[in-house]
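Note sheet for the following structure.
Scope of the values below: all heavy atoms of this structure, side chains included, with no hydrogens, waters or symmetry mates.
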Amino acid sequence: MGPSPAHNRKPSSSPATKLTTLPLIALIFYDVSGGPFGLEDSVRAGAGALLPLLGLLLFPLLWSLPEALITAELASSLPSNAGYVLWVSSAFGPFMGFQEGFWKWTSGAMDNALYPVLFLDYLRPSLPFFSSGAGRFPTIWILTAALTFLNYRGLHIVGISAVVLTVFSVSPFIALVVLSLPRLRPRRWLTVDLKRVDLRGYFNSMLWNLNYWDKASTLAGEVEDPARSFPKAVFGALVLVVGSYLLPLLAGTGAMEGMKAGEWGDGYFAEVGMSIGGAWLKLWIQAAAAMSNMGLFEAEMSGDSFQLLGMSEIGMLPAFFSSRSKYGTPTISILLSATGVIFLSWMSFQEIIEFLNFLYALGMLLEFAAFIQLRIKRPDLHRPYKVPVGTYGAIAICIPPALLLILVMCLASLRTFIVSGIIMLIGFVLYPAIQLMKNKQWVRFIDPSEPVESYFETTALRFENVADEASLSLLPEFSSIKHELPEKEPDLETKLE
């Protein structure tokens with residue numbers, strides 16, 4: 001069974017150059033990881049090497065693999081820039097889809113605010129003026145502006161840049177692993193001081209370093225042959241992410257004599273490089289960290305801005321969010337995402353991680369529920385890639401990551417509960433406010449042009465004229481004017497032949 005007409009349709013404003021599998025792997029790698037930078041906090045919070053190493057063995061199985069599988073299935077089945085917003089909307093309606101989009105965009109903006117901070121943290125030993133004091137915030141703002149401009153220049157450039165940055169970011173750790181081999185002492189991997197373990201910091205660090213597998217789904221409309229590209233890219237990125245974390249951590253904790261867990265923090269891998277390889281390796285790791293954070297920023301901003309574009313294309317946000325530059329990039333959406341990054345840049349690293357993890361967890365619980373609901377509600381959904389389990393299997397693979405998310409949320413501080421509650425309240429109020437804007441026609445909205453069955457291809461509905469929800473728009477509540485279907489699609493007779 002081939003893809004439905006909606007899968008073959010390309011918006012006239014969409015860029016001619018599409019992402020292929022290799023750049024998509026690099027973008028997913030940067031959505032999730034970008035290398036072991038930022039992993040150091042897990043050693044400090046875990047009070048030794050044992051818990052982080054166990055986490056890197058268990059979390060990918062309990063968390064990353066289920067999320068990657070679900071992303072591969074739904075992104076290849078519903079290739080839209082709305083990504084997970086479309087998944088949740090299709091399962092539970094537009095109100096919950098909007099909340100999903102608002103939570104995930106806010107979480108993404110918080111996540112992106114970390115990368116200029118991490119960039120400066122790695123440069124602090126060599127360039128202290130730019131990473132502290134009066135020079136810190138102007139430097140963050142200048143970095144944000146420069147990286148935003150690169151994002152504006154085109155997703156294809158961002159994808160190619162991500163491939164180059166991936167090679168550069170991973171290469172010093174290959175050298176680190178090789179040089180550490182004669183100095184490895186496996187007993188050092190078993191160190192842990194249970195009295196000093198910070199469970200909240202540990203779980204937040206591990207989750208943050210292994211999340212956002214679904215972010216690339218918001219680029220599905222920009223990917224060449226997403227039905228084939230997404231599964232390959234997701235699983236290729238999974239191997240790359242786990243390897244880029246586990247091997248450097250094994251090398252760093254196993255080769256460092258007299259390792260003190262309390263010293264591990266942002267930028268500590270540079271000191272590990274100094275101890276194992278010398279000043280040249282330290283400088284190489286610092287340069288790789290700086291470049292990696294550029295890649296992380298670009299990948300996150302691409303996902304956030306194209307998510308807003310996708311929400312606009314299905315009528316959830318005003319039409320101006322879908323306007324593209326001459327490079328095919330969503331200009332207004334990029335500017336809004338950059339503004340969110342600058343606004344959040346004053347917060348501390350740990351505060352941002354905890355806030356974004358809480359909102360991210362809310363959104364992921366909705367995605368898991370949507371995955372199960374679509375298996376029940378739409379068993380006939382055309383799935384170019386399908387997780388090889390039935391309905392009960394789909395429920396089973398969602399249970400471990402859902403429990404992990406709930407645990408992370410339960411460990412959150414009172415401040416995080418308050419901030420997240422305020423953000424959720426804003427989302428609940430924003431939805432009817434946007435509806436009012438649409439009904440009053442204060443701002444132009446795009447009327448969703450795709451009937452629901454253009455995304456859900458079924459044999460029965462292709463051969464029979466059934467007057468049910470196939471005659472409704474994908475998100476009917478968002479359209480103030482009832483969408484009228486054409487009497488006959490131009491290519492329908494050819495398709496049936």
key: Aromatic ring pairing F59/F203, orientation class (parallel under 30°, perpendicular over 60°, tilted between)   = tilted
query = With M424, which residues qualify under side chain to side chain contact (heavy atoms under 4.5 Å, CB included), at least two apart?
reply = W103, L362, F428
key: Backbone N/O of S302 and side chain of S305: donor-acceptor pair under 3.5 Å   = yes
L430: side chain to side chain contact (heavy atoms under 4.5 Å, CB included) partners, not counting sequence neighbours = F98, F102, I434
task = Answer yes or no: is there a side-chain heavy-atom contact under 4.5 Å between T106 and F355?
result = no
key: Any side-chain heavy-atom pair of Y431 and P94 under 4.5 Å   = yes
request  = Check whether any side-chain N or O of S312 sits under 3.5 Å from a backbone N or O of L308 as a donor-acceptor pair, and report yes or no.
outcome  = no
task = Could you pull out the closest heavy-atom pair between Y245 and N209, with the gap in Å?
result = OH-O, 2.6 Å
ask   = Run the side-chain contact (heavy atoms from CB on, under 4.5 Å) check on W105 and M110 step by step: do they pass?
value = CA-CA 9 Å; W105 181 85; M110 289 181 175; over 6 Å; no
Show every donor-acceptor pair shorter than 3.5 Å between a side-chain atom in residues 392-408 and any protein atom, with sequence neighbours excluded, or say none if there are none.
none

S205 (side chain) donor-acceptor with Y202 (main chain) under 3.5 angstrom = no
task = State, yes or no, whether a side-chain contact exists between L210 and E67 at a heavy-atom distance under 4.5 Å.
result = no
inquiry  = Listing request: all ring pair (Phe, Tyr, Trp, His ring centres under 6.0 Å) pairs with a residue in residues 67-86, at least two apart in sequence or in separate chains.
reply    = none
query = Can you list the residues that meet the salt bridge (Lys or Arg N to Asp or Glu O under 4.0 Å) rule with R415, with sequence neighbours excluded?
reply = E351
message = Less than 4.5 Å apart, side chain to side chain, heavy atoms only: is that true for T391 and I376?
response = yes
message = Quick one, L381 and L78 - any side-chain contact, counting heavy atoms below 4.5 Å?
response = yes
message = Quick one: does any side-chain atom of W189 pair with a main-chain N or O of L53 as donor and acceptor, under 3.5 Å?
response = no
query = Between the main-chain N or O of A319 and the side-chain N or O of S322, is there a donor-acceptor pair closer than 3.5 Å?
reply = yes
request  = For Y385 and A75, indicate whether the former's side chain and the latter's backbone hold a donor-acceptor pair under 3.5 Å.
outcome  = no
Trace of the side-chain contact (heavy atoms from CB on, under 4.5 Å) decision for R324 with L309 = CA-CA 9 Å; R324 294 179 185 251; L309 178 145; 3.8 Å; yes
ask   = Under the side chain to side chain donor-acceptor pair (under 3.5 Å) test, which residues partner S64, sequence neighbours left out?
value = W213
remark   = In short, G46 meets V192 closest at the heavy-atom pair O-CG2, 3.7 Å
remark   = Sorted by chain and number, sequence neighbours left out, salt bridge (Lys or Arg N to Asp or Glu O under 4.0 Å) with E73 holds for R375, R383
task = Return the set of residues passing side chain to side chain contact (heavy atoms under 4.5 Å, CB included) with L54 (not counting sequence neighbours), or none when no residue passes.
result = L50
ask   = Is the backbone of S413 close enough, under 3.5 Å, to the side chain of E354 for a donor and an acceptor to pair up by distance?
value = yes
ask   = Does E40 reach the side chain of S42, with side-chain heavy atoms less than 4.5 Å apart?
value = no
task = Go through the structure and list residues passing side chain to side chain contact (heavy atoms under 4.5 Å, CB included) with I332, not counting sequence neighbours.
result = F320, F321, S323
message = Suppose we screen for side chain to side chain donor-acceptor pair (under 3.5 Å). Which residues come up paired with S107, at least two apart in sequence or across chains?
response = Y212
Donor-acceptor pair, side chain of K377 and main chain of S90, under 3.5 angstrom = yes
key: Non-hydrogen atoms of Y360 and N211 that approach each other most closely   = CE2-CB, 3.4 Å
inquiry  = Using a 3.5 Å distance criterion without hydrogens, assess whether the side chain of N357 forms a donor-acceptor pair with backbone atoms of N204.
reply    = yes
key: is_close_aromatic(F417, F358), centroid dist under 6.0 Å   = yes
key: Validation row: W87, F92 side chains within 4.5 angstrom (heavy atoms)   = no
note = The salt bridge (Lys or Arg N to Asp or Glu O under 4.0 Å) partners of D214 (sequence neighbours excluded) come to K104
message = Keeping Q99 on the side-chain end and G427 on the backbone end, is there a donor-acceptor pair under 3.5 Å?
response = yes
key: Counterpart residues, side chain to side chain donor-acceptor pair (under 3.5 Å), relative to S292 (two or more places apart)   = none
inquiry  = Is the shortest side-chain heavy-atom distance between L238 and V234 below 4.5 Å?
reply    = no
